[in-house]
Amino acid sequence: MTAATMPAHKRSRDEEDSLSMTTATTHPPQKRSKEEEDRLSMLTDDILLSILGRLNSRMVVRTSVLSTRWKHLPWLLPELTIDIKDFLPDPCPEPVEENHIDQAMVSLTKATRSFLANQHRESAVLNLDLRLYLINTFMCEIGSLVRDAVDGGLLKDFELAVLDKTDPRDCSDENMLQRAKEMDGFFSVYPSVPHCLTWLSLQNINFGNLDMHHVLFECCQELKHLSLYQCDTGFWSLFKIDAPSSKLCVLELIKCRFGRLEVVCLPKLEKLSWDVWVSEGVPLAFGSVPSLEELELSCGAICDQNAFKLSELLHGTTSIHTLTLDFQGEKLWVLPEMNQLCIAFNKLRELRVRGIFVEFDISWTSAFLVAAPSLEVLQIEVWEHPCDADDDREGSFSERRSPHWEMDFQDSKNLHLKELEFVGFKSLEEQFTFIRSILQRSPNLEKIVLKREEQCDYCDAFDVPSKFPKKDEQDMVARRIGDGIFSPQIIFDD
């Protein structure tokens, strides 16, 4: 949903802003031949609008000066994305400088005013996606523009991402509490705005002094997608979501410091993802979530975190078909179990077990296969990062110990398993053994995808050669996997 970043131009920022906000008195940046212009003029509005829909907001407004044929088109677009990144320098320094933010917010406010101006618009905006920084001097004007558009029937659905240039590690509780106060004040002054919000993304906000449930679920009654990055009610806090009338379909949590999240009732919730939590025990509990189909849990367990039974966390769910468990290269935060998972795994079709430390045994994941007889796609990812030095982990993470799940897998079969994807394949003996065990219990397996390890930007600095099979080794690897059993399609994705 983020608009593409506009390439740098030779004009100054002021010249570009003047050009982008002018519709009649400024000449286009590049002259087109008469033949080219006639060719474009022959296209219908819907085709031209489809072209404009692929440009960022700054470029869209500039097209209005190309010719009289294009002049009215920007105000016919049914969907608009106005992203602060399109008004920042390219490339943009990190961290973003205050003067750059102020200048960009001035341009973004002008663009918003232009797109929502009644004298320009010829049709309603079905969806406005607005991404900006929380600065009161600008939020007030933008709030009034959006409110007037909503009250006037000009704007139907509103998507809002409130960004923060502060690194989460440098964001104090005082700053986070202040941001919550400002966000609550914005919603209170412009009540029409939260009432039409369908998508909301917030960063670095502590609702400790406010009713977080009221702000997010009672004010935002039309909300379908909620993304929270380091937003909570304080460290180790308990947060309950009980919203039987909510339309929320997607809930994303990243580094939120809840001691426990209880989803008491969210009848429309289809997907929940939580990346990094701080809970000592089970971080999540479900009540009534009849529509929940996709669950993503990702965390590197730190010293204070204890392992828990996955079946306890999944209690109350009945419709999950896609599950992702990412251990981020640290110890497993799930306890050994198998039969207890059968109810929650009854409809499971796709399972991703990621971030398994490279020195760990991987055969324990077969317990999930026994509990999920209808599984169709299995992804296993082995974690090996050159940048993952032991001295960087001391004092933060628990000791890594290879899991030992003593279970009787018997002769269970996975008749529906069609695809196995192995990320971080290195031709190790234990990896061959694991893949062949999957082959033996999955007679209908059609495809095995072997991928090289996934590395981060820090890993690139180490310049460690990959252990993924080279081209001349891949035939041997394929023969070793399938020989004596059967040979599904084997794909090497490097």
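Starting from 1, each residue takes its place in the sequence as its number.
Both the sub-6.0 Å distance and the 45° axial angle are not jointly satisfied by Arg147 relative to the ring of Tyr190.
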> Are Lys224 and Glu222 close enough, and set up right, to give a salt bridge (Lys or Arg N to Asp or Glu O under 4.0 Å), and what steps lead you there?
Replying inline: CA-CA 6 Å; Lys224 296 180 180 179; Glu222 300 298 315; over 6 Å; no

>> Using the rule given for side-chain contact (heavy atoms from CB on, under 4.5 Å), can you reason through Leu130 versus Thr112, listing the C-alpha separation, both sets of side-chain angles and the distance that settles it, and then say yes or no?
In response: CA-CA 9 Å; Leu130 190 59; Thr112 305; 3.9 Å; yes

> Does the side-chain contact (heavy atoms from CB on, under 4.5 Å) test come out yes or no for Thr322 and Ile320, once each step is laid out?
Replying inline: CA-CA 6 Å; Thr322 301; Ile320 294 181; 5.8 Å; no

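With hydrogens and angles disregarded, a donor-acceptor distance shorter than 3.5 Å links the side chain of Ser366 to the backbone of Ser363. Under the 3.5 Å distance criterion, the side-chain polar atoms of Asn414 are left unmatched by any main-chain donor or acceptor of His416. A donor-acceptor distance shorter than 3.5 angstrom exists from the side chain of Ser437 to the backbone of Phe434, with no hydrogens or angles considered.
For the pair Arg354/Leu325, no side-chain contact is recorded, criterion being any heavy-atom separation below 4.5 Å from C-beta on. In this structure, the side chains of Leu160 and Leu132 come closer than 4.5 Å at one or more pairs of heavy atoms. A 4.5 Å side-chain heavy-atom check between Lys240 and Glu262 finds at least one atom pair inside the cut-off.
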Donor-acceptor pairs under 3.5 Å, side chain of residues 281-303 to any protein atom, not counting sequence neighbours: which ones?
{"unit_1": "Ser291", "atom_1": "OG", "unit_2": "Pro267", "atom_2": "O", "d": "2.8"}
{"unit_1": "Glu293", "atom_1": "OE1", "unit_2": "His321", "atom_2": "NE2", "d": "3.3"}
{"unit_1": "Ser298", "atom_1": "OG", "unit_2": "Gln328", "atom_2": "NE2", "d": "2.8"}

Under 3.5 Å, which donor-acceptor pairs link side chains of residues 161-170 to any protein atom two or more places apart or in another chain?
{"unit_1": "Asp164", "atom_1": "OD1", "unit_2": "Thr166", "atom_2": "N", "d": "3.2"}
{"unit_1": "Asp164", "atom_1": "OD1", "unit_2": "Thr166", "atom_2": "OG1", "d": "3.3"}
{"unit_1": "Asp164", "atom_1": "OD2", "unit_2": "Asn204", "atom_2": "ND2", "d": "2.8"}
{"unit_1": "Lys165", "atom_1": "NZ", "unit_2": "Glu98", "atom_2": "OE2", "d": "3.1"}
{"unit_1": "Asp167", "atom_1": "OD1", "unit_2": "Arg169", "atom_2": "N", "d": "2.8"}
{"unit_1": "Asp167", "atom_1": "OD1", "unit_2": "Arg169", "atom_2": "NE", "d": "3.1"}
{"unit_1": "Asp167", "atom_1": "OD2", "unit_2": "Arg169", "atom_2": "NH2", "d": "3.1"}

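Remark: the Ser273 side chain and the Glu252 side chain contain no N/O donor-acceptor pair separated by less than 3.5 Å. At a cut-off of 3.5 Å, with distance as the only test, no side-chain donor of Glu174 or Gln178 sits close to an acceptor on the other residue. Counted by atom type alone, Ser192 and Asp151 present one or more donor-acceptor pairs between their side chains at under 3.5 Å. Side chains of Gln230 and Arg257: no donor on one and acceptor on the other come within 3.5 Å.
Paired with Thr324 under the rule side-chain hydrogen bond (donor to acceptor under 3.5 Å, both in side chains), one option of Glu350, Arg352, Gln379 passes, and it is Arg352.
Summarising the geometry of His404 relative to Pro336, their closest heavy-atom pair is O-CG, 4.4 Å, with the distance given to 0.1 Å. Scanning all heavy atoms of the two residues, the minimum distance from Leu126 to Lys156 falls at O-CB, 3.5 Å.
Aromatic ring centroids of Trp277 and Phe258 lie 6.0 Å or more apart.
Ring geometry for Phe308 versus Trp333: interplanar angle under 30°, hence parallel rather than tilted (30 to 60°). Classified by interplanar angle (parallel below 30°, tilted 30° to 60°, perpendicular above 60°), the ring pair Phe468/Phe425 is perpendicular.
In this structure, OG in Ser107 is found 12.0 Å from CD1 in Ile82, a value given to the nearest 0.5 Å.
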